[in-house]
2 protein chains.
Amino acid sequence: MSQDINAVMNEYLPLRDVVFQTLRQAILRGELEPGERLMEIHLANRLGVSRTPIREAIRKLELEGLVVMIPRRGAIVASITEKDLQDVLEVRRTLEIMAGEMACERITPELLQQLEEAGREFMKLKDTDEFTSLAEVDVKFHDIIYAATDNQRLITILNNLREQMYRYRLEYLKDTGSHERLNSEHCQIYEGIKRGDKAAVSEAIGTHIDNQRDAILAAIRKGEQSQNPEKAEKTE
Amino acid sequence: MSQDINAVMNEYLPLRDVVFQTLRQAILRGELEPGERLMEIHLANRLGVSRTPIREAIRKLELEGLVVMIPRRGAIVASITEKDLQDVLEVRRTLEIMAGEMACERITPELLQQLEEAGREFMKLKDTDEFTSLAEVDVKFHDIIYAATDNQRLITILNNLREQMYRYRLEYLKDTGSHERLNSEHCQIYEGIKRGDKAAVSEAIGTHIDNQRDAILAAIRKGEQSQNPEKAEKTE
DNA sequence: CCTGTGTTTTTTGTATACATATATAGTGAA
DNA sequence: TTCACTATATATGTATACAAAAAACACAGG
């Protein structure tokens, strides 16, 4: 029933948005590699549309920084340097802490309950090998904290920053040794928010992000060697 | 000489970028009012280009949140609610403080000198009626602090947040009574960064933004009454 | 074998064409 | 007058056409 409504509501979706989301996902998941060219005709044929929606999607990717334009050459997938990632994580650390502290003041009972539930789900999954589900629950946990801030701008920025490192997300969750630590950090964050203890939440989120940073940087440094540079300029 | 180089370098600029910057400025300056429709053919004729570059520019404005799309109706200039502005200012406050604290650690002697110079310029202008110059110097002052962070992502986000309230910027600087206070805040910030005193800088920037918020919100509430709502749907 | 030059091919940047959906205006009936 | 319905106009969404720039290639000359 509600799916019918949903279907009616989503009945209209411009091709440009479909293309945008498709390309965006492909880049964030690493299916399109940094340096790779996005050729309009090629993508158009591949996705079964004309160049127009492709181009409009690329304009959005350009503003988001996921592709860079080379004059009269077209778009290539932006490469992320380690410095870029550190910059992102530095900002994200500050804003995640901000969100946690705001959540201490503003969280509603319903959201608090959802947060507890998400924490429990993570705990259940942490010893399995369902990395994708684990990542989803982790995202959900933090989304609830974002929502509790009641600040739409903050939510948008945090989502964007988080997505910047999406391609490394699964990678570092595969380090099962860290799951226990992640879980206890979640507990600390939840308990802190429940008590309204800003200092504790700030502390917990800070170490949470720090650990994540270390894990991601380690994954990158490890992965960097196994990649062959000449792949970058390939056509598809 | 260097202008020639500059001219050669800027020799190529896609029409879409020209259109994007033009429309962006018009929106941020309030020349295009919230609710106003952006009609492609009309803009195309006005700017002497075809619909294609107009549409591509609109896609960027859409992602930036400066326009909102209505399905099969086109783009309208996004209206900013007071809540939106408060959300922006809340995030901006946190990030400006972050930038200031980072500047305490990372600022170079050259940038510190530039900061002092910008502070002096502001002092010179504060008792004149050159509001535009005053606004520019104010922007420069903060840009130097941003640059000192050496975090490109932070710089980008802060610039974006600042631009969100560009249309109110001149308005609130016209309140000449606040100039003296702004000036002393700049001094405190400069001195704090020079000493590397994070707490002092954090404090000074916090009150700086708080005052700005109060001034802007006051300006909005005052200006709101003088606007006639039926203007919104006008064609041009 | 390498290098420089002219030609072809590919791809972008921009303009235009066409189909469809929405708004608008107009006409007639209750 | 007001409502309903149709016809018309307008604007968007998408596809295609065309020009120009860059890249790739071939070929002649050293």
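Keep in mind that the numbers below use all heavy atoms, side chains included, and drop hydrogens, waters and symmetry copies. Residue numbering restarts at 1 for every chain, and letters A, B, ... go by the order of the sequence lines.
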(Q) How many whole angstroms separate atom CG of B:L47 from atom P of C:dT14? (A) 13 Å
Q: Return the value, rounded to whole Å, for the distance between atom CG of B:L38 and atom P of D:dA11.
A: 13 Å
Q. Can you name the residues that form a salt bridge (charged side-chain N to carboxylate O under 4.0 Å, His left out) with A:E136, not counting sequence neighbours?
A. none
Q. Quick one: B:I41 CD1 to C:dC18 P, roughly how many Å, whole number?
A. 15 Å
Q. How does each nucleotide of nucleotides 13-21 of chain D score, in 5' to 3' order, for protein heavy atoms under 4.0 Å: base (B), sugar-phosphate only (S), or none (-)?
A. BBBBB---S
Q.
Could you work out, with salt bridge (charged side-chain N to carboxylate O under 4.0 Å, His left out) as the rule, every residue matching A:E130, not counting sequence neighbours?
A. none
(Q) According to side-chain hydrogen bond (donor to acceptor under 3.5 Å, both in side chains), who are the partners of B:E96, at least two apart in sequence or on a separate chain? (A) B:R92, B:Y146
Q: State, to the nearest 10°, the angle formed by the axis through the first five base pairs of the helix from C:dC1-D:dG30 to C:dA30-D:dT1 and the axis through its last five.
A: 0°
**Q.** Backbone N/O of A:M102 and side chain of A:E105: donor-acceptor pair under 3.5 Å
**A.** no
Q. With sequence neighbours excluded, what pairs up with B:R162 under the side-chain hydrogen bond (donor to acceptor under 3.5 Å, both in side chains) test?
A. B:D143, B:N159
Q | A:D175: partners by salt bridge (charged side-chain N to carboxylate O under 4.0 Å, His left out), with sequence neighbours left out | A | none
(Q) So, using ring-ring contact (aromatic ring centres under 6.0 Å, His included) as the criterion, who are the partners of A:F122 when residues are at least two apart? (A) A:H186
(Q) Output the rounded distance in Å from CD1 (B:I54) to P (C:dG13). (A) 16 Å
Q) Partners of A:Q25 by side-chain hydrogen bond (donor to acceptor under 3.5 Å, both in side chains), sequence neighbours excluded? A) A:R29
